[in-house]
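I have placed the structure first, in the form of structure tokens, so that the comments after it can refer back to it.
All residue numbers refer to positions in the sequence shown, counting from 1. If you're wondering where the values come from, they're calculated on a predicted model, not measured in any experiment.
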Amino acid sequence: MLIMTGKIVMIESKEIVKSEIDRFMKVTLVLVKQMKGVKRNVCFESYGKVAKEILNFRNGERIRVYFTIDSVP
């Protein structure tokens with residue numbers, strides 16, 4: 001598991017993802033993070049329960065994000 005701390009610059013919830021069994025809300029979260037002296041924007045996408053929890057945060061808040069990186073070949 002990786003950890004990143006940064007300030008929220010954008011939270012966007014516009015998409016509903018449908019599966020054969022259920023529907024999930026998709027939320028995009030963008031943090032600004034200082035990396036090697038340069039400010040970088042980092043984007044995360046979340047679904048379901050975690051997505052709903054992210055909507056409780058506001059732009060400008062500093063948060064810590066715990067995440068994993070996954071890839072599908």
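Sequence neighbours left out, the pairs with a member in residues 40-73 that pass ring-ring contact (aromatic ring centres under 6.0 Å, His included) are Phe44-Phe67. Residue pairs meeting the salt bridge (Lys or Arg N to Asp or Glu O under 4.0 Å) criterion with at least one member in residues 36-62, sequence neighbours excluded, are Lys26-Glu45. Annotation: ring-ring contact (aromatic ring centres under 6.0 Å, His included) contacts involving residues 9-34, sequence neighbours excluded, are absent.
Remark: Ile16 engages Arg23, Met25 in a side-chain contact (heavy atoms from CB on, under 4.5 Å) (not counting sequence neighbours). Scanning for side-chain contact (heavy atoms from CB on, under 4.5 Å) contacts around Asp70 gives an empty result, with sequence neighbours left out.
Linking Ile, Leu, Val, Met, Phe, Trp and Tyr residues whenever their side-chain heavy atoms come within less than 4.5 Å leaves Ile3 and Val50 in two separate clusters. Note on Val65: it does not cluster hydrophobically with Val32, by side-chain heavy-atom contacts below 4.5 Å among ILVMFWY residues.
Closest of all the heavy-atom pairs between Met1 and Thr68 is CA-CG2, 4.2 Å. The shortest heavy-atom contact between Cys43 and Thr28 is SG-CG2, 3.4 Å. Between Ser46 and Ala51, the closest heavy-atom pair is O-CB, 3.6 Å.
In this structure, CG on Leu31 lies 11.0 Å from NZ on Lys7, to the nearest 0.5 angstrom. Here the straight-line distance linking atom CG of Leu29 with atom CG of Leu55 works out to 10.0 Å at 0.5 Å rounding.
Inter-residue side-chain proximity for Val30 and Val42 is flagged as unmet; no heavy-atom pair is nearer than 4.5 Å. Using a 4.5 Å cut-off on side-chain heavy atoms (C-beta onward), Ile63 and Ile8 make contact.
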